[in-house]
Amino acid sequence: MTVVTRFAPSPTGFLHIGGARTALFNWLYARHHNGKFLLRIEDTDRARSTQEAVDAIFDGMAWLGLDWDGEALSQFSRVERHKEVVQALLDSENAYYCYCSPEELTAMREAAKAEGRPWRYDGTWRDRDPSQAPEGVAPVVRIKAPLEGDTVINDLVQGEVRVANETLDDMVLLRSDGTPTYMLAVVVDDHDMGVTHVIRGDDHLTNAFRQYQIFAAMNWHVPEFGHIPLIHGPDGAKLSKRHGALGVEAYRTGGFLPEAMRNYLLRLGWGHGDDEIISTEQAIEWFSLESVGRAASRFDMAKLTSLNGHYIRHGEDTSLVQTVVSVLRERGHGGLDETQKSLLLSAMPELKKRAKNANELTDSSMFLFAAVPLDFTEKAKDLLSEDAVKHLRILAGHFEGLTSWTAEQLEGHVRSYVEASDGAFKLGAIAQPLRAALTGSTVSPPVFDVMMVLGKEETLARINDVLKDRLN
RNA sequence: GGCCCCAUCGUCUAGUGGCCUAGGACGCUGGCCUUUCACGCCGGAAACACGGGUUCGAACCCCGUUGGGGUCGCCA
């Protein structure tokens, strides 16, 4: 049997972190089993569903590298089919019309609450003849759920979960306006789409029992369920925007790499021994629902950030160049020409060791493309003291005569210059002003690497610009 | 409140009765490396919620307590 999973978000906002993980787990499970991963947009709530949100889901999935099989399905497009199933349920007497008005129901609910009784629909119309229906009341259709016994679900994550049927009531299948409810639509779509494994958030666990009733009433094969624990905020409560419940879009603009995101989300609630850095290939090979934990986990931005730093440090130089280019484009700076790209590429090995995210990586590479006069930070200005400039002038003379230009040789030259001073000054007294003159900053890759990457001409131009400035 | 789920360092987790004086990672912290900042390397503090059982033996099994979470819509 081919495994078929699905991700079924409702387009009422962005694709948030929890949804992203649910999508990832579904994707991983399907890919692991060589099955199919489908995408269904649960847009039956017409008032709250927006095209922007649908696009945000598509974009988020694409960014995360979670490709789905076939076309994304709009749940709303299937209303006729849903109604058809409701009719079948009515015909087989597994469902009935209920003429209780929303007001009546609300009153009953509140009364029950006031008395501290558990509320559930009392089945008023379950066995009553529709001929007794009040005038002018549009009915809803409810399922005729079993009154006795237990419903048992062998959840792939949670294990056996059992609930007494008497605690469940006859839920609404078709609203009084004739539109199907989520509970019904999900079951019909999962069945029709051939979904074999329903992997979703823990918050749907109680829904599973009710959906089970519909599958049973239609005599349909019930899919396997895997209810994965929710992601909480750092405080253990529901994930709030302040704590990371952002759209994946926000993580992208925050400079996170999709591979870091995937790795982080995977390790949240799932583990494979002591492994921390897990490639997507390994994840596909190793993923299983059995090893998904049952407790909710807290979102930890620091760990995500650290993982992101790892993926940047170990990223391919050429792809990191592309990353910088797209950050620049997003900032409205236009792209980089080929010369600039190759300059960036040669600086990348040192640059990437110093960045936690794509934005920092971009910021720290800007000095490469700066034109004289550089923008100096206050600290950098302080480093360019009269004394320091004196050294730079002498060194510039030395550099001028060099015929080869490698970091090692440059370092050798400067070191022997320092040694010749016989302890009058140290390497730092030279290297720091040099860094300031070349980058405008006190923080940068090793200064001799900077010189090499910049090349002799540009290096001298920048030093001379500082010297010239000093003369005035 | 009813029903359901959960419980190992601050956080993510390893651990499925003896290999646990509980391992790894992030964070924190001491040090090394060093021209800056990083990276890297070495070290440290830090947890089995509590109480009862079962067992020769329990982080692992059972019961209870406490604590957390989910859910109780003609939302999804």
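As a basis for the values below, the full set of heavy atoms in this structure was taken, side chains included, without hydrogen atoms, waters or symmetry mates. Proteins get letters first, then strands, A, B, ... in listed order; numbering begins at 1 in each.
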Closest to side chain of His204(A), choosing from rU35(B), rC5(B), rA76(B)
rA76(B)

Once you apply a heavy-atom cut-off of 4.0 Å, does Leu307(A) come out as touching a base, just sugar-phosphate, or nothing?
nothing

Roughly how many Å apart are rA49(B) and rC33(B), using the P atom of each and rounding to a whole number?
42 Å

Heavy atoms under 4.0 Å, any strand shown: does Pro9(A) hit a base, just sugar-phosphate, or nothing?
nothing

Under 4.0 Å between any heavy atoms, over every strand shown, what does Val163(A) touch: base, sugar-phosphate, or nothing? Just pick one.
sugar-phosphate

For the aromatic rings, using the six-membered ring if either is Trp, is the centroid distance between Phe7(A) and Phe25(A) under 6.0 Å?
no

For nucleotides 12-14 of chain B, list the nitrogen or oxygen atoms of the protein found under 3.5 Å from its nitrogen or oxygen atoms, one pair per line.
{"residue": "rC12(B)", "atom": "OP1", "partner": "Arg298(A)", "partner atom": "N", "Å": "3.0"}
{"residue": "rC12(B)", "atom": "O2'", "partner": "Arg267(A)", "partner atom": "O", "Å": "2.7"}
{"residue": "rC12(B)", "atom": "O2", "partner": "Lys303(A)", "partner atom": "NZ", "Å": "3.3"}
{"residue": "rU13(B)", "atom": "OP1", "partner": "Gly269(A)", "partner atom": "N", "Å": "2.3"}

Tabulated below should be each protein N or O lying under 3.5 Å from an N or O of nucleotides 29-34 of chain B; please produce it.
none

Every protein N/O within reach of nucleotides 39-49 of chain B N/O, cut-off under 3.5 Å:
{"residue": "rC39(B)", "atom": "O3'", "partner": "Arg313(A)", "partner atom": "NE", "Å": "3.4"}

Classify Met171(A) by what it touches in the nucleic acid, base, sugar-phosphate, or nothing, heavy-atom distance under 4.0 Å.
nothing

Would you indicate which nucleotide in rU35(B), rG27(B), rU71(B) comes nearest to any side-chain atom of Ser306(A)?
rG27(B)

Answer with base, sugar-phosphate or nothing: what part of the nucleic acid does Val447(A) contact at a heavy-atom distance below 4.0 Å?
base

Just to be sure I understand the rule, does Asp177(A) reach a base, reach only the sugar-phosphate, or reach nothing, if contact means heavy atoms closer than 4.0 Å?
nothing

Indicate whether OP1 or OP2 belonging to rA76(B) is found under 4.0 Å from a side-chain N or O atom of Thr44(A).
yes

Could you give the distance separating rG43(B) and rG24(B) at their P atoms, to the nearest angstrom?
10 Å

Under 4.0 angstrom, heavy atoms only, what part of the nucleic acid is Arg162(A) near: base, sugar-phosphate, or nothing?
sugar-phosphate

Identify whether any heavy atom of Pro446(A) sits under 4.0 Å from a base atom; if not, whether one sits that close to sugar-phosphate; answer base, sugar-phosphate or nothing.
base

